[in-house]
Each structure stands twice: as structure tokens, then as C-alpha cells.
Student: 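First the structure, which I've put down as C-alpha cells, then a few questions once you've had a look.
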Amino acid sequence: MIFSREDNQESVEEIFNRFGSLLYRNSIIILRNTQDAEDIVQDTLLKYMEHKKEFRDDEHKKAWLLRVNINLCKNKLRYNRFHAYVPLEQLEIPYETNDEKEIMEAVLNLPHQYKEVILLHYVEGYQVNEISEIMKLTESAVKKRLQRAREKLADKTSNNTSSRVFRVNVKEGGLES
Amino acid sequence: MNDNDFSMIKQCIEHIDVPTDAANRICNLKTRKRYHKMQYIHRSISIAACVALVIISIFCFPYVNPKEQGFAVSVYAAEQGTDDWVKLSPNEKIHLNQTPSLISSGYIFQLDLPEHYQYRQSGVSMGNDCITFVEGTNIYWHTSASNNQEAKYKLPDYMTSSIQIEILDDKGEWIQTLTLEMTKDGEDNYVELTYEDV
């Protein structure tokens with residue numbers, strides 16, 4: 001069933017409430033910068049409002065938004081490569097354990113093409129054929145990227161020491177461990 | 001890396017949420033639209049400036065090539081009443097001033113040729129005057145002494161002659177002919193320059 005354009009065109013707030021977090025965390029992981037991530041989410045919403053596309057269903061809409069978001073992130077990365085910039089703040093993600101921190105650092109340090117497939121497959125739960133449609137790649141290319149991403153992650157996490165790392169917080173009056 | 005690790009990644013990423021102030025900023029698309037519009041205007045102005053520069057340089061190009069200019073060479077001479085050498089304009093007669101540095105009295109015409117251009121000339125004479133071409137680009141018009149009234153063969157007070165100079169470009173092709181029309185009127189001497197393209 002195909003919705004008409006008028007039915008399908010939600011307001012900015014509605015779209016943001018439904019997909020905002022998804023787009024934001026994708027952008028954060030790929031760009032590693034909250035300011036850029038906010039700009040990219042805005043641009044994704046702008047594209048949605050401007051294009052007024054017909055969607056088959058919500059999944060189609062979600063996949064379209066993801067694709068636009070990923071492409072905009074890639075454009076931003078390419079732009080940053082040629083234009084020097086200083087990030088305003090360091091990205092901070094709350095971790096519960098050190099293992100989480102270790103793995104997430106490894107994910108954040110992956111090249112962007114591997115981050116994209118990791119996000120789509122392990123976080124959003126898309127299968128290989130769905131990822132190939134979203135990213136306009138062949139299925140074998142998607143499988144290859146997933147395989148390489150897993151190898152890189154395994155490599156990075158095995159290089160770190162397995163001993164416990166004590167987290168040190170600095171407070172007024174002294175150190176607290 | 002096992003399934004636990006990937007579920008840990010999923011858990012960790014799903015904990016990332018949009019802060020409230022960021023959410024308000026993101027939903028305000030007007031500011032972003034304005035930013036995009038300014039970017040578009042700046043880019044359009046830059047592109048328009050580049051295109052304008054290219055068009056201007058294309059139109060100016062003919063003036064760079066001396067062949068396209070219509071006149072491949074310039075000729076300079078000393079004019080009466082001026083201290084500097086003047087560039088001869090086509091079809092304009094000028095009253096020549098004698099050049100003091102010669103062995104005999106006379107006039108010098110200086111040719112200004114583009115690089116690697118050459119010329120060939122046809123011989124000329126006028127009465128007892130002598131025209132010589134010095135290697136390089138100088139033409140000397142050696143005037144004879146005043147008309148000897150007692151000479152057996154008296155020359156007329158008014159005489160004209162012309163020098164034909166054929167200009168060859170850097171490929172050796174004949175592209176233009178200069179003609180210096182010299183006029184001797186008593187003690188006064190004149191020259192007029194004409195061009196003819198081949």
C-alpha cells in the first residue's frame with residue numbers, strides 16, 4: 001500500500017521524535033563530534049522536508065533516512081579532510097564497565113565504511129541484503145566489510161592488556177579511586 | 001569478538017540520546033536553511049567571478065598576440081619639436097628631426113619587432129640620399145648635402161620615395177608589409193607609415 005504524499009509528510013517534530021535518536025547516535029559514532037552530528041541530523045531532516053518522497057511503509061522511511069544520514073556523514077568527513085578544523089570538545093559516551101569502554105573505543109576508531117555496516121547490522125538489526133539496499137552496495141561487498149570490521153575489532157581489542165584498569169576521578173581535596 | 005561483545009556495542013550505542021537543548025536546536029530548521037542559503041550565495045559568487053575572469057581573459061587574448069593586433073611591428077622616429085622618439089601611426093605624416101649621433105646628417109627609424117620575427121627589404125634611393133639597413137632593426141636615411149645650385153644636374157626640391165619592408169613571423173612566413181613613404185621638401189623631410197597585411 002502506498003501512502004499519498006500528504007499522508008506521509010510528517011512534521012519535523014514528529015519525524016524527530018521517531019527517528020531523531022537513531023540518526024543522532026549514527027552521526028555521533030561516524031563523526032565523533034556532537035556539533036557535527038547535530039548539524040547532520042538537521043540536514044537529514046531538511047532533506048526529508050524538501051524531497052517529499054513517497055514511502056511504502058515506516059521501514060522504507062527509516063531506511064531512506066538512514067541512507068541520507070550516512071551519505072551526509074561521509075560528505076562531512078570528506079569536507080573535514082580538506083578543511084582544517086579544531087573540535088570544540090572531546091566526545092564523551094557513558095560507559096558502565098571498562099570492557100564496554102575498550103570495545104567502544106575500538107568501534108570509534110574504525111574507518112567510517114566499517115562503522116556504517118556495524119551500526120546497521122549489530123545495532124539496527126538489518127540483514128546483509130537490507131544493508132546492501134540501503135548503502136547501494138552488492139551483498140558480497142557488505143559481507144566483506146562486516147568481515148573486515150570484525151577482524152579489525154578483534155585485532156584492536158586483543159592488543160589491549162586484559163588487566164583491570166582503575167578509573168581515577170579528580171575531586172576537590174584529593175584523589176578518589 | 002563474540003556475540004556478547006556485539007550486544008555490548010548495541011547496548012552502549014543505544015544509551016546515546018539527544019540532549020534536550022540539542023533537540024530544540026535541531027528542530028529549529030530555519031537557522032540551518034539560512035546557513036545553506038548563505039553557502040549557496042557564496043559559492044555562486046565565487047563561481048561567477050571565476051567564469052567572468054575566464055571570459056575576460058578570452059577576450060583579452062587577441063591583444064596579447066601581436067599578429068592578431070593588426071600591426072606586427074612598430075616603427076619609431078625622431079619628430080620635429082619633440083625630445084623623445086615617437087611611434088609612427090599609420091597614414092600620418094610626421095616632420096622628421098635630424099638625429100645627431102650619425103656620421104653624416106640624417107634620420108633613424110627604429111623597428112620594434114616581436115621575438116623571432118625577421119624582415120626583408122627592397123633597396124631604395126632618393127636623389128643623392130642613401131638608405132641603409134643596419135643589422136638589427138635600425139634604418140638610416142643619410143641625407144646628402146644641400147642641393148648644389150651650381151651642379152650640372154640639379155635635383156628637384158621636392159622628392160618622394162618609399163621603402164618596402166616585408167615582415168616575416170617566427171615561422172618565416174610573410175605576414176605584413178610596411179611602407180615608409182619618405183618625402184624630401186627642400187630642407188624638410190617627412191615620413192608616413194602604411195601597413196598592408198598579406
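First the proteins, then the strands, lettered A, B, ... as listed; each starts at 1. Excluded from the calculations below are hydrogen atoms, water molecules and symmetry mates; all remaining heavy atoms, backbone and side chain alike, are included.
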Student: Other residues, nucleotides and ligands only: do more than 12 of their heavy atoms fall within 6.0 Å of NZ on A:Lys62?
Tutor: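 Counting neighbours around NZ of A:Lys62, more than 12 heavy atoms of other residues, nucleotides or ligands fall under 6.0 Å, so yes.
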
Student: When rounded to the nearest 0.5 angstrom, what distance separates CG in B:Leu29 from OH in A:Tyr48?
Tutor: 12.5 Å

Student: Is there a chain of hydrophobic side chains (I, L, V, M, F, W, Y, each step under 4.5 Å between heavy atoms) that links A:Tyr79 to A:Ile70?
Tutor: no

Student: Membership question, hydrophobic clusters at under 4.5 Å side-chain separation (ILVMFWY): are A:Leu46 and B:Met38 in the same one?
Tutor: no

Student: Testing the basics here: between A:Gln42 and B:Asn28, what is the closest heavy-atom pair and its distance to 0.1 Å?
Tutor: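 So the two residues come closest at NE2-O, 3.0 Å.
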
Student: Any chance you could measure A:Asn17, atom CG, to B:Cys27, atom SG, to the nearest 0.5 Å?
Tutor: 7.0 Å

Student: Report the distance from atom SG of B:Cys12 to atom CD1 of A:Ile29, rounding to the nearest 0.5 Å.
Tutor: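 So the gap between those two atoms works out to 7.5 Å.
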
Student: So do B:Asp17 and A:Tyr24 actually touch side chain to side chain, heavy atoms under 4.5 Å?
Tutor: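 A side-chain contact is absent here, since even the closest heavy-atom pair is not under 4.5 Å.
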
Student: Compare all side-chain heavy atoms of B:Ile9 with those of A:Glu100 and state whether any distance is below 4.5 angstrom.
Tutor: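 Answer no - side chains too far apart.
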
Student: Please round to the nearest 0.5 Å and tell me the distance separating atom CD of A:Glu38 and atom CZ of B:Arg25.
Tutor: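 If I round to the nearest 0.5 Å, the distance is 4.5 Å.
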
Student: Could you state whether A:Ile40 and B:Tyr35 fall into the same hydrophobic cluster, counting links through intermediate Ile, Leu, Val, Met, Phe, Trp or Tyr residues with side-chain heavy atoms under 4.5 angstrom apart?
Tutor: no

Student: Is there side-chain contact between A:His121 and B:Phe6, with at least one heavy-atom pair below 4.5 Å?
Tutor: no

Student: Is A:Tyr122 close to B:Ile13 at the side-chain level, that is, under 4.5 Å between some pair of heavy atoms?
Tutor: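 No. Closest side-chain heavy atoms not under 4.5 Å.
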
Student: Given heavy-atom pairs under 4.5 angstrom as the criterion, report whether the side chain, backbone, both or neither of A:Asp39 touches chain B.
Tutor: both

Student: Quick check on A:Ile118 against chain B: is it the side chain, the backbone, both or neither that has a heavy atom closer than 4.5 Å?
Tutor: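 For A:Ile118, the side chain is the part near chain B, not the backbone.
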
Student: Heavy-atom pairs under 4.5 Å with chain A: which of B:Arg32, B:Gln11, B:Lys10, B:Glu14 has the most?
Tutor: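 It is B:Arg32.
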
Student: Is it the backbone or the side chain of A:Leu23 that comes under 4.5 Å from a heavy atom of chain B, or both, or neither?
Tutor: neither

Student: Could you tell me whether A:Lys101 atom NZ has more than 12 heavy atoms of other residues or ligands within 6.0 Å of it?
Tutor: no

Student: So, for A:Ile103 and B:Met8, which heavy atoms are closest and what is the spacing to 0.1 Å?
Tutor: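 The pair with the smallest heavy-atom distance is CD1-SD, 3.9 Å.
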
Student: With hydrophobic residues grouped by side-chain heavy-atom distances under 4.5 Å, do B:Tyr190 and B:Trp141 end up in a single group?
Tutor: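 No; tracing contacts between hydrophobic side chains, which count when under 4.5 Å, never links both residues.
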
Student: Find out whether B:Val18 and A:Val41 are in side-chain contact, i.e. whether some heavy atom of one side chain is under 4.5 Å from a heavy atom of the other.
Tutor: no

Student: Salt-bridged, B:Lys33 to A:Asp43, with N to O below 4.0 Å?
Tutor: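 Result for this pair is no, no salt bridge flagged.
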
